[in-house]
Amino acid sequence: MLINLKDITAIAEQHTMAIGSFNCPSLESIRASIDTAEKLGYPVIIAHAQGHEDIVPLSVIGPIMVALAERSSAPVCVHLDHCEDLCYMRRALDLGFTGVMFDGSMLEYERNVELAKRAADMCGQFDCGLECELGSMGPRENGRGHEKENVDTPDAIYTDPKQAVEFIGSTGCDLLAVSFGTVHGIYKGTPHLSFKVLEELRCHTMTPLVMHGGSGVSDSDYHQAIQAGIRKINYYTYGAKFAGERVKKVISDFQGLDQSAIVYWHDMTEAVYDELCIAFEHVMNVFANKLS
Ligand code: 13P
């Protein structure tokens with residue numbers, strides 16, 4: 001069933017867990033997210049990032065996401081990730097998206113507040129929850145793969161708790177994406193997360209917090225982050241990498257048998273679906289505190 005971002009986060013608060021938010025630029029990733037949620041009995045967020053528009057347009061993937069969410073037995077929120085443009089956001093709302101992220105984190109603070117307020121007004125006219133971002137988490141989600149720049153995150157880019165309180169009060173956003181050491185893409189080394197910053201943010205804001213750059217983080221860091229107030233974890237890059245590695249293996253297995261063997265595209269899509277299910281099952285269990 002299709003569920004609002006606020007309602008799905010309320011479930012996370014009730015169970016002190018985080019909901020996995022999986023970027024879905026393909027049918028395989030949508031199916032793997034929803035099928036795994038149904039198998040395990042957890043809610044799930046499926047997300048389209050504005051930066052993935054060139055992989056698959058919102059107008060194509062959006063209606064499929066909404067249709068599959070509506071007919072699922074699991075609670076599914078259909079979410080717009082890293083939207084920097086209110087006209088694009090409006091298109092997602094018209095398609096029936098139940099969560100949107102307005103990302104003004106690259107703007108001056110005052111401009112971020114002004115546009116986030118307009119985003120909140122728009123969401124208020126629909127059955128839709130709003131996530132915003134303060135602080136910096138490195139390059140945007142663009143689906144093209146990049147290495148995470150900041151393993152030792154400088155304090156300067158952490159979200160400031162006092163500013164976070166002011167931002168939420170001024171904009172009325174429902175969830176806040178915060179910077180405490182995670183960044184998008186592939187980690188060059190071990191990420192060092194500041195749980196002190198996260199705890200302060202939660203304590204000051206009393207708002208559900210969002211971890212971006214959430215793939216490639218250790219299970220124990222996930223657990224600590226959830227204890228400190230993270231209720232939504234964005235996961236993309238590592239799942240896409242595992243699926244890519246599986247495709248490489250399928251091709252090399254075929255070629256190992258016989259160089260002239262025909263490799264069919266549907267063998268790749270099946271392998272991608274399987275690999276994503278494995279990755280999503282693991283993290284969904286961790287996010288629900290079912291695995292150590
Ligand atoms: P990763 O790059 O760590 O998968 O993070 C994805 C994300 O935060 C999307 O918004």
Side-chain angles (χ1 to χ4, degrees), residues 5 9 18-26 29-30 32-33 44-53 55-56 58 61 65 77-84 88-89 92 97 99-106 129-151 153 157 159 173 175-193 198 208-219 221-222 225-226 230-245 272 275-276 278-280 282-284 286-287:
L5 182 64
T9 314
I19 311 291
S21 179
F22 301 100
N23 290 101
C24 289
S26 67
S29 41
I30 301 174
S33 308
V44 70
I45 299 169
I46 55 174
H48 173 74
Q50 186 175 357
H52 284 172
E53 182 68 19
I55 301 178
V56 59
L58 172 66
I61 202 83
M65 293 166 80
C77 168
V78 179
H79 184 67
L80 182 63
D81 192 28
H82 288 293
C83 176
E84 299 181 22
Y88 192 85
M89 181 177 286
F97 277 45
V100 293
M101 174 198 194
F102 170 71
D103 182 358
S105 62
M106 305 291 270
L130 175 67
E131 172 187 341
C132 291
E133 177 173 327
L134 263 190
S136 170
M137 281 162 275
R140 287 287 179 286
E141 184 53 65
N142 65 7
R144 292 293 180 231
H146 50 259
E147 291 196 330
K148 306 198 186 226
E149 299 293 339
N150 306 298
V151 174
T153 311
I157 71 162
T159 308
C173 70
L175 287 86
L176 190 68
V178 290
S179 170
F180 63 102
T182 57
V183 279
H184 296 111
I186 300 281
Y187 285 103
K188 284 180 188 163
T190 309
H192 300 296
L193 311 192
L198 187 57
L209 301 176
V210 182
M211 177 196 283
H212 280 248
S215 70
V217 171
S218 71
D219 292 357
D221 279 356
Y222 283 136
I226 292 164
I230 289 291
R231 294 292 171 260
K232 171 175 178 280
I233 298 182
N234 285 21
Y235 182 102
Y236 177 65
T237 304
Y238 278 75
K241 176 175 172 282
F242 297 149
E245 283 162 2
V272 165
E275 199 61 39
L276 290 178
I278 294 168
F280 294 170
H282 177 78
V283 290
M284 277 191 210
V286 175
F287 298 166

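Just so it is clear, the structure is predicted and the values come from calculations on it, not from any experiment. Just so it is clear, the values below take in all heavy atoms, side chains as well, and ignore hydrogens, waters and symmetry mates. Residue numbers start at 1 and run along the sequence shown. Order of appearance sets the numbers: ligands from 1, and atoms from 1 within every ligand.
The main-chain N or O of G214 is found under 3.5 Å from a side-chain atom of Y222 such that the two form a donor-acceptor pair. In this structure, T182 contributes its side chain and H212 its backbone to a donor-acceptor pair below 3.5 Å.
In the vicinity of H212, heavy-atom distances shorter than 4.0 Å reach the ligand 1 atoms 8 (O), 10 (O). For ligand 1, the atoms closer than 4.0 angstrom to any heavy atom of N234 are 5 (O), 6 (C), 7 (C), 8 (O), 9 (C), 10 (O). Of all atoms in ligand 1, numbered sequentially from 1 with element shown, those under 4.0 Å from a heavy atom of D81 are 9 (C), 10 (O). Heavy-atom proximity to N23, at under 4.0 Å, picks out these atoms of ligand 1: 9 (C). Ligand 1 places these atoms under 4.0 Å from at least one heavy atom of H82: 10 (O). Proximity to G214 (heavy-atom distance under 4.0 Å) selects the following atoms of ligand 1: 3 (O), 5 (O).
Aromatic ring pairs are classed by plane angle as parallel below 30°, tilted from 30° to 60° and perpendicular above 60°; the pair F22 and F287 is parallel.
Both the backbone and the side chain of T237 come within 4.0 Å of ligand 1, judged by heavy-atom distances. Here T182 has no heavy atoms under 4.0 Å from ligand 1, in either its backbone or its side chain.
A92 pairs by the side chain to side chain contact (heavy atoms under 4.5 Å, CB included) definition with L58, L80, F97, not counting sequence neighbours.
At least one heavy atom of G213 sits under 4.0 Å from some atom of ligand 1.
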